[in-house]
Amino acid sequence: MRNVLDVRVLANRYFAQLNLCCPQNLSSYSLARTVHGHVIASGFKLRGHIVNRLIDIYWKSSDFVYARKLFDEIPQPDVIARTTLITAYSALGNLKMAREIFNETPLDMRDTVFYNAMITGYSHMNDGHSAIELFRAMRWANFQPDDFTFASVLSASTLIFYDERQCGQMHGTVVKFGIEIFPAVLNALLSVYVKCASSPLVSSSSLMASARKLFDEMPKRNEFIWTTLITGYVRNGDLTGAREILDTMTEQPGIAWNAMISGYLHHGLFEDALTLFRKMRLLGVQVDESTYTSVISACADGGFFLLGKQVHAYILKNELNPDRDFLLSVGNTLITLYWKYGKVDGARKIFYEMPVKDIITWNTLLSGYVNAGRMEEAKSFFAQMPEKNLLTWTVMISGLAQNGFGEQALKLFNQMKLDGYEPNDYAFAGAITACSVLGALENGRQLHAQIVHLGHDSTLSVGNAMITMYARCGIVEAARTMFLTMPFVDPVSWNSMIAALGQHGHGVKAIELYEQMLKEGILPDRRTFLTVLSACSHAGLVEEGNRYFNSMLENYGIAPGEDHYARMIDLFCRAGKFSDAKNVIDSMPFEARAPIWEALLAGCRTHGNMDLGIEAAEKLFKLIPQHDGTYVLLSNMYASLGRWNDVARTRKLMRDRGVKKEPACSWTEVENKVHVFLVDDTVHPEVLSIYNYLEKLNLEMKKIGYIPDTKYVLHDMESEHKEYALSTHSEKLAVAFGLMKLPQGATVRVFKNLRICGDCHNAIKFMSKVVGREIVVRDGKRFHHFKNGECSCRNYW
DNA sequence: GTAGGGTTAG
């Protein structure tokens with residue numbers, strides 16, 4: 001039996017040991033476990049300060065389950081243990097559990113600190129209303145609020161206050177309680193004014209003036225207060241004002257400089273951010289993790305990859321300290337830096353070397369894979385993520401959609417909703433993009449309705465995706481309406497609309513829109529030129545295309561890339577100007593790689609320039625021997641010349657060389673083999689008749705050594721998404737239409753669920769030219785008349 | 001046991 005004194009000595013010793021523990025540090029966690037073990041072994045009952053301290057260390061070391069277990073084992077947890085637990089649950093974002101502990105605590109046990117913890121929990125989780133409500137309840141129950149209370153309450157107020165009157169009232173309350181002598185409270189009050197001023201609903205000038213007055217009258221200013229004011233000016237877009245404050249500062253807290261750097265960063269002034277960083281180093285101002293994070297981010301977004309790499313090297317050399325949490329946010333930004341400059345492997349290396357990762361780390365590398373189009377890696381990475389959030393899903397959905405996996409993207413979109421996530425505008429934009437990939441107009445329209453219902457329709461991401469979706473589905477008019485009714489447009493919107501017109505043969509209109517964009521002072525970017533050149537190419541506007549191409553470097557300082565040269569080759573080939581196309585290749589400042597030769601071969605396919613096509617194919621065989629695309633293009637070229645034996649020879653060559661994928665069925669190959677094919681109104685027989693039809697076609701093609709991919713169609717018909725399956729293959733349907741030897745003026749009905757999409761429309765136009773007859777296609781209540789390669793549908797165009 | 005400012009992902 002121990003005597004009381006022994007126990008107390010022991011307890012004090014344990015407590016001293018525990019106080020040595022620094023939370024959030026693994027070694028302190030194991031020390032806590034050891035002490036805990038000693039306590040139990042000695043038969044000493046866990047209670048009082050020791051147990052509270054243990055709970056505190058456990059949860060701060062993220063062993064929350066254990067912390068809770070310990071708490072539950074205490075027969076009568078005191079108010080301190082309860083406060084710890086409330087703080088713990090709040091920090092984990094679980095306000096429900098925190099509130100449960102709160103409610104279970106009898107009124108006579110509570111104290112001000114206890115209330116403060118719960119109020120702070122609400123405030124940190126951005127639940128301003130609950131925080132204020134609890135503050136009222138606290139006063140109602142006659143608890144005296146202190147400076148901590150007001151700091152939290154004021155912080156909560158910034159979330160819900162929207163006008164000057166409220167700010168003034170709160171100011172009065174603070175003075176009434178005589179709390180304004182505490183810097184933390186004053187700073188929080190300043191923050192209330194500043195955040196209210198940055199609300200779009202109020203005029204910021206008078207609120208900022210009040211904030212400034214408050215600031216000027218402060219007896220003492222600490223680094224918090226300087227920083228709050230600087231961010232205030234930054235948030236209100238007054239970077240000059242912010243900089244003036246920074247320059248008048250007597251002390252130089254690094255944190256205020258960080259606020260300024262991040263201000264420059266968020267206003268796109270990357271060079272200013274970097275200049276300030278240099279000055280900071282020069283003056284010896286404390287640089288920390290946050291500084292590096294912003295600076296690397298500025299490098300990533302501002303086109304300073306080399307500088308970013310230098311900063312990386314500097315950090316590795318001077319700042320690498322595994323004991324600090326240094327690597328997390330800096331590492332996250334570094335991953336962004338590397339993938340944004342195409343160094344996905346570099347990004348991956350950083351990821352795997354990081355000792356501590358969070359969800360941002362995972363999301364960032366996922367974005368890297370997705371952006372590089374490395375979807376297989378992205379998919380397996382997504383599958384092995386330990387935690388996902390809305391952004392994770394969004395990145396994956398739009399990534400799948402943009403890389404052509406429309407069906408998978410829509411599946412994931414539904415999965416996301418099943419998992420309880422409310423899609424945001426970006427997620428909807430991803431789903432809409434998936435619909436444009438699939439040509440699934442019906443689906444896109446349903447999404448459009450939901451988007452309007454949820455009020456996401458005014459956002460840029462959704463609007464831009466919708467323009468493209470309607471355009472790809474052939475409804476250029478709807479795309480135009482979107483473009484015209486969007487409250488804000490950006491260069492992407494212009495690009496999308498120009499592309500919409502260009503893709504549907506409205507080359508002249510596309511160019512007119514481009515000119516209008518220039519008039520409105522929007523600068524074209526690399527993608528704009530890709531779009532404009534395509535439009536010229538489709539509309540046969542060779543001279544204009546050439547002029548725009550030359551203007552890139554001359555007027556806008558954009559060096560044409562490989563893709564732009566490829567577009568020029570396409571432009572010339574379509575116009576039959578093969579020698580000009582060849583000249584483009586000779587004049588390029590870099591060695592022609594595969595995409596260039598592919599463009600040439602594709603151009604030769606369309607216009608049957610066999611010699612040049614073979615030359616391009618030879619280059620491609622050398623450059624990428626196992627690439628099936630070359631064989632497809634080459635055999636298509638032969639097919640367009642009716643050289644069926646060469647088609648068969650090419651395909652044999654491909655098999656002999658062990659190249660895997662079979663070329664897809666394409667209209668040029670079979671245009672000489674025209675059949676009658678009509679569909680009726682019900683769904684099932686239509687599916688069957690297409691299948692039967694293609695089966696028949698199969699046999700005929702096999703006779704000449706061609707293996708078409710009807711398996712593909714059959715496979716999708718069996719899939720659960722019938723509607724997508726039909727829509728996915730609208731291009732193939734167009735092929736089927738094209739194959740028909742249509743009687744003069746014949747009408748073809750399109751499936752109930754299928755509308756004429758962009759690709760389909762183009763294919764039918766093309767076939768009307770080839771067949772030399774008028775084709776009438778009924779699409780719902782509308783009729784499309786195709787004749788001589790043009791469509792004269794009044795309702796649409 | 002509780003408070004106020006700056007920090008990265010589409």
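Quick caveat, the model's predicted, so the values are computed rather than measured. Residue numbers begin at 1 in each chain, while the letters A, B, ... track the order of the sequences.
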side-chain contact (heavy atoms from CB on, under 4.5 Å) assessment of Leu460(A) paired with Ser493(A): CA-CA 8 Å; Leu460(A) 264 174; Ser493(A) 327; 3.7 Å; yes
Quick one: which of [options] gets closest to the side chain of [X]?
{"X": "Ala117(A)", "options": "dT2(B), dG10(B), dT7(B)", "answer": "dT2(B)"}
{"X": "Ala151(A)", "options": "dT2(B), dA3(B), dG5(B)", "answer": "dA3(B)"}
{"X": "Ser290(A)", "options": "dT7(B), dG4(B), dG1(B)", "answer": "dT7(B)"}
{"X": "Thr228(A)", "options": "dG5(B), dG4(B), dT8(B)", "answer": "dG5(B)"}
{"X": "Asn389(A)", "options": "dA9(B), dG5(B), dT2(B)", "answer": "dA9(B)"}
{"X": "Ile360(A)", "options": "dT2(B), dG6(B), dT8(B)", "answer": "dT8(B)"}
{"X": "Arg235(A)", "options": "dG6(B), dT8(B), dG1(B)", "answer": "dG6(B)"}
{"X": "Asn116(A)", "options": "dT2(B), dG10(B), dG1(B)", "answer": "dT2(B)"}
{"X": "Ala184(A)", "options": "dA3(B), dT8(B), dG1(B)", "answer": "dA3(B)"}
{"X": "Thr231(A)", "options": "dG6(B), dT2(B), dT7(B)", "answer": "dG6(B)"}

Describe the nucleic acid contact of [X] in one word from base, sugar-phosphate, nothing, applying a heavy-atom distance below 4.0 Å.
{"X": "Thr293(A)", "result": "sugar-phosphate"}
{"X": "Thr364(A)", "result": "sugar-phosphate"}
{"X": "Asn424(A)", "result": "base"}
{"X": "Val153(A)", "result": "nothing"}
{"X": "Asn222(A)", "result": "base"}

By a strict heavy-atom criterion of less than 4.0 Å, which residues belonging to [range] are in contact with DNA chain B?
{"range": "residues 244-257 of chain A", "answer": "Ile255(A)"}
{"range": "residues 336-353 of chain A", "answer": "Thr336(A), Trp339(A), Lys340(A)"}
{"range": "residues 395-404 of chain A", "answer": "Val395(A)"}

Separation of atom CD in Glu289(A) from atom C1' in dT7(B), rounded to whole Å: 7 Å
Please confirm whether the ring centroid of [X] lies under 6.0 Å from the ring centroid of [Y].
{"X": "Tyr369(A)", "Y": "Trp339(A)", "result": "no"}
{"X": "Trp226(A)", "Y": "Phe215(A)", "result": "yes"}
{"X": "Tyr338(A)", "Y": "Phe351(A)", "result": "no"}
{"X": "Trp362(A)", "Y": "Phe382(A)", "result": "no"}

Point-to-point distance, once rounded to the nearest 0.5 Å, from CD1 of Ile101(A) to CE of Met97(A): 6.0 Å
NZ-CD1 distance between Lys220(A) and Ile225(A), expressed to the nearest 0.5 angstrom: 10.0 Å
Donor-acceptor pair, side chain of Arg82(A) and main chain of Pro77(A), under 3.5 angstrom: yes
Test item: Thr84(A) side-chain N/O and Ile80(A) main-chain N/O as donor-acceptor pair under 3.5 Å: yes
Short side-chain N/O contact from His124(A) to OP1 or OP2 of dG4(B), under 4.0 Å: yes
N/O (side chain, Ser367(A)) to phosphate O (OP1/OP2, dA9(B)) under 4.0 Å: no
Steps toward salt bridge (Lys or Arg N to Asp or Glu O under 4.0 Å) verdict (Lys340(A), Asp301(A)): CA-CA 8 Å; Lys340(A) 280 206 175 157; Asp301(A) 292 339; 2.8 Å; yes
Lys213(A)/Asp216(A) ion pair, N-O < 4.0 Å: no
Lys/Arg N to Asp/Glu carboxylate O, Asp345(A) vs Lys349(A), below 4.0 Å: no
Result of checking Phe135(A), Phe148(A), Phe150(A) against Asn116(A) for side chain to side chain contact (heavy atoms under 4.5 Å, CB included): Phe148(A)
Donor-acceptor pair under 3.5 Å, Asn258(A) side chain vs dG5(B) base: no
